[in-house]
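Below is one structure, written out as structure tokens, with a few remarks after it.
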Amino acid sequence: MDSLRQAYKATIIGASGGIGRGLADQLEASPNCAVLVRLSRKETGFDLGDEATIQHAATGVRDAHGDMDLVFDATGALQIDGIGPEKSLRAIDPAVMARQFAVNAIGPALILKHFTPLMPRGRRAIFATLSARVGSIGDNRLGGWISYRAAKAALNQIVKTASIEIARTHPHAVVAALHPGTVATSLTAPFHHGEATAPEEAARQLIAVLDSLQVSSTGGFFAYDGQAIEW
């Protein structure tokens, strides 16, 4: 993360998950990381379904450390409450779909609401969130997974819209959605059939993407190799 600036400060949300932990560990090991804040439901009571906990966490970070050069939202879920993605229209359950949107779209929107005010206005800063290539409408050629796809597509729209607003007050900020690829975590275990990237390698790839992002990248959707993904 040297391209952020010397002695940068970072907050990783979802730091107890595979990708979040990998990111936090690597950033914390960087000689230029002055502050690394780890937030998660398991360790700090951060709850995507409870806006009060999100606001409380943002206030706590601001009061303890001031502004943040990087806020990385590593939350998200493919399988929720033991229920995986649908294989057909017949399998749509409104409660399951609502839960997918709560975790994969509304939660990140609330993180944007409360954490982007921590970004400095006078220098480069990044807000990144984990999306998924299956949230791309233009790239959808297989169908299925309707609730998860739709929730991630909604997240992509949230990121794009937020980036426009944030640019008005934070002209050096980058707001982006990132696709990490298929990563070997508990989230993907039932689906990747052994072909997945280790979390540590995924974290290295994502950090490289973060370093490559320019102000002109704001509002974009990028894969782990730095390539833009169509909406």
Side-chain angles (χ1 to χ4, degrees), residues 1-44 46 48 57 61 65 68-80 84-85 103-104 107-108 111 115 124-136 148 152 155-156 159 174-214 217 220-229:
M1 295 298 293
D2 295 353
S3 63
L4 272 172
R5 71 184 187 101
Q6 296 295 311
Y8 65 85
K9 296 183 286 183
T11 294
I12 307 299
I13 301 167
S16 63
I19 297 174
R21 184 183 302 110
L23 283 164
D25 288 349
Q26 292 193 41
L27 292 174
E28 194 168 42
S30 166
N32 290 327
C33 182
V35 173
L36 192 288
V37 180
R38 300 173 185 246
L39 298 174
S40 69
R41 183 170 186 170
K42 182 183 297 183
E43 297 171 357
T44 63
F46 188 100
L48 283 179
V61 172
H65 306 291
M68 285 284 128
D69 300 292
L70 170 66
V71 176
F72 197 109
D73 168 30
T75 65
L78 177 58
Q79 182 171 266
I80 299 175
V103 171
N104 290 308
I111 292 172
F115 276 84
R124 182 173 182 263
I126 299 174
F127 179 97
T129 186
L130 289 182
S131 186
R133 188 182 292 274
V134 296
S136 165
Y148 182 72
K152 288 298 189 180
L155 172 60
N156 292 344
V159 166
V174 179
V175 180
L178 302 183
H179 166 59
T182 302
V183 183
T185 67
S186 57
L187 181 150
T188 63
F191 307 100
H192 62 65
H193 307 297
E195 298 180 1
T197 304
E200 297 77 14
E201 176 60 22
R204 283 191 289 272
Q205 293 170 337
L206 292 172
I207 289 170
V209 175
L210 293 176
D211 279 344
S212 72
L213 295 178
Q214 305 299 315
S217 307
F221 182 20
F222 302 95
Y224 57 90
D225 58 2
Q227 296 299 307
I229 301 174

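Quick caveat, the model's predicted, so the values are computed rather than measured. The basis for the numbers below is simple: all heavy atoms, side chains too, and nothing from hydrogens, waters or symmetry mates.
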Partner residues of Arg133 under the salt bridge (Lys or Arg N to Asp or Glu O under 4.0 Å) criterion, sequence neighbours left out: none

Drop me the distance from [X]'s [atom1] to [Y]'s [atom2], to the nearest 0.5 angstrom.
| X | Y | atom1 | atom2 | answer |
| --- | --- | --- | --- | --- |
| Leu210 | Asp69 | CG | CG | 12.0 Å |
| Tyr224 | His179 | OH | NE2 | 6.0 Å |
| Lys152 | Leu78 | NZ | CG | 9.0 Å |
| Thr44 | Leu39 | OG1 | CG | 4.5 Å |
| Phe115 | Thr129 | CZ | OG1 | 12.5 Å |
| Leu206 | Asp211 | CG | CG | 11.5 Å |

Can you give me the closest heavy-atom contact between [X] and [Y], atom names plus distance?
| X | Y | result |
| --- | --- | --- |
| Asn156 | Ser131 | OD1-OG, 2.7 Å |
| Leu178 | Ala128 | CD1-CB, 4.1 Å |
| Gln227 | Asp225 | N-OD1, 3.1 Å |
| Val174 | Gln214 | CG2-O, 3.3 Å |
| Ala202 | Thr197 | N-CG2, 3.7 Å |
| Gly22 | Ala203 | C-CB, 3.5 Å |

Would you indicate whether the side-chain heavy atoms of [Y] and [X] approach each other to under 4.5 Å?
| X | Y | result |
| --- | --- | --- |
| Leu27 | Leu36 | yes |
| Asp73 | Phe127 | yes |
| Val103 | Thr75 | no |
| Thr11 | His65 | no |
| Tyr148 | Ile80 | no |

Pairing residues for Ala74 by the side-chain contact (heavy atoms from CB on, under 4.5 Å) criterion, not counting sequence neighbours: Phe72, Leu130

For Ser136, side-chain contact (heavy atoms from CB on, under 4.5 Å) partners two or more places apart: Asp139, Phe221, Ile229, Glu230

[X] side chain to [Y] main-chain N or O, any donor-acceptor pair under 3.5 Å?
| X | Y | value |
| --- | --- | --- |
| Glu201 | Pro199 | no |
| Glu28 | Cys33 | no |
| Arg41 | Phe46 | no |

Residue pair Asn32 / Ser30, side-chain donor-acceptor N/O under 3.5 Å: no

